[in-house]
Amino acid sequence: CHSHQQVLEQLQVIIARLLVTYPQQCLWLMMAVTKSSHPMRAKRCQEIFARAKLINSDLQKFIQDSTKLTEYLLELSDKKINTSATLSMSTHFRSLKQLVNKRTFSKIMVPLQSLLNVTLPTTPGIHTNHNPFPTQEVYISDFGDTVEVLPSLQKPKKVTIRGSDGRSYVMMCKPKDDLRKDCRLMEFNGVVNKFLHKHPEARRRHLYIRTYAVVPLNEECGIVEWVPNTDGLRNILIKIYKQQQIYTGCKELRAMAVPLTASLERKQTVFREKFLPKHPPVLKNWFLTKFTDPTSWYNARVAYARTSAVMSMVGYILGLGDRHGENILFDSTNGDCIHVDFNCLFNKGETFDWPERVPFRMTHNMVDALGPMGCEGVYHRACEVTMRVMREQSDPLMSVLKTLIYDPLVEWSKSPSSRSRSVTTTTAHGSRGTAGESTEKALVHVGEIEQRLQGKLKNKHKNKARGLALSIEGHVHYLIQEATDVRNLCQMYIGW
């Protein structure tokens, strides 16, 4: 919501022209604004729609159907379910089913990462005939009848969209979670991928971040593209421990745990003598089971090491926390490590009741799966290359993150006492705290990211940098030491 009238009008004209030219891609990005609880944002979005309709009257029906589709998807996301269950689309969400089955229903694109990604020209200059979306568009033709309610706290719903190409696409409708932040981080990861692809050393090692589509529908709900062929780290380990008959339940673990106020020596003793013996490193067994021939096993382990390294460095720079076993997935087709749920950013984990101590997750199971070299070798080198690319491209990366200053996230203005171990949800823009307070906190977070990109370490007891900037090699070495140090791991939350 720009305050300058002339700038506002020019922005509206530009966005309206984009909507006319690329309606399928733009409308998914604008739906969250139309359903915003911030009245001015919703009003400005409707003004843009009105401008676009004046340019192309055919958009009237398309925008109307898209708005209806969004409303029904929000209804699906918000439906309260007490227990995990399987619902029927034709019974519980009849309106949504009837809408897409209408013969007059507009062609609306399936929100896939591959269809929403912009392809830029490879050479400099003016490219009047360049197509930024070269992939063939796939439209929504129907919804599968089964709606699976997942067992996590917010009870997200797993739905299947049937595309015009005859294929089925799985999506997750997630309630009570502000996905605008996840969407912004997917954009950031996309920019990181572009720079990794341009860098010779990174390109030779095939370094990249696995991304997926995140489409906010309002401040509290959204759609997330389901990543196929993946297993969660926690599920993998529990399955192997049960097979080996060494699984330890939550009650027994809590009985062994020491309180937060216990001394560091006591925590280290319990961690080494009780927790580690009951949780031997077994992740390597998953690679042996899923990739049976030597070549595929080796390639999968290298892919795991490299993708883990990239996300370790990117996650550290962003202050990404809450990396428990359900937020780290493994691709069973190629060994890639995929991170999901980017709600805990900007070192928010340090403010939890049980503060997070490590820069990223690299537990004994993950280290053992890297092979006999552990964190040295492939993983360590990939970390250095990733850190080098981010330092070299710090200005364009910061330009992406600095947009957060002008659209500050609500939870920055919440008091520390309102934060708990679980990730808190956000409310409407500006509902708590003043805009000045939010902007000030955003500037603090951006400043901390800049310091991390420069290799400056933050004093653990004071909110300021300590000493001189570290070299890339020294910085990576320090971070890996911190992530694998028993003194830090023994102080982590038991459910982490």
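Along the sequence shown, residues are numbered consecutively beginning with 1.
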What residues form a side chain to side chain contact (heavy atoms under 4.5 Å, CB included) with Ala483, not counting sequence neighbours? Pro359, Phe360, Met362
In chain order, what residues pass the side chain to side chain contact (heavy atoms under 4.5 Å, CB included) check against Ser168, with sequence neighbours excluded? Thr160, Arg162
Whether Glu384 and Arg388 form a salt bridge (side-chain N of Lys/Arg under 4.0 Å from carboxylate O of Asp/Glu) is what I want to check. no
Stepwise side chain to side chain contact (heavy atoms under 4.5 Å, CB included) test for Leu345 and Arg184: CA-CA 11 Å; Leu345 285 171; Arg184 192 74 53 84; over 6 Å; no
Going by distance alone, is a donor N or O of one side chain under 3.5 Å from an acceptor N or O of the other, for [X] and [Y]?
X	Y	result
Ser90	Asp145	yes
Thr363	Asn365	no
Glu47	Gln12	yes

Ignoring hydrogens and angles, write down the donor-acceptor pairs under 3.5 Å from the side chains of residues 95-103, residues two or more places apart or on other chains.
residue, atom, partner, partner atom, Å
Lys97, NZ, Asp142, OD1, 3.4
Lys97, NZ, Phe143, O, 2.6
Asn101, ND2, Lys97, O, 3.1

Has the side chain of Asp65 got a donor or acceptor atom that lies under 3.5 Å from a matching backbone atom of Phe105? no
Should the heavy atoms of other residues, nucleotides or ligands under 6.0 Å from NZ of Lys239 be counted, would the total exceed 12? no
Show your reasoning for whether side chain to side chain contact (heavy atoms under 4.5 Å, CB included) applies to Phe342 and Leu318. CA-CA 10 Å; Phe342 297 97; Leu318 295 172; 5.9 Å; no
Among residues two or more places apart or on two chains, list those pairs meeting side-chain hydrogen bond (donor to acceptor under 3.5 Å, both in side chains) that have a residue in residues 295-310. Asp293-Ser296
Indicate every side-chain donor-acceptor pair of residues 68-77 with a distance under 3.5 Å to a residue at least two apart or in another chain.
residue, atom, partner, partner atom, Å
Thr70, OG1, Ser66, O, 2.9
Glu71, OE2, Lys35, NZ, 2.9
Ser77, OG, Leu73, O, 3.0

For Ser312, give me all partners under side chain to side chain donor-acceptor pair (under 3.5 Å), at least two apart in sequence or on another chain. Tyr379
Any side-chain heavy atom of Val389 within less than 4.5 Å of one from Lys198? no
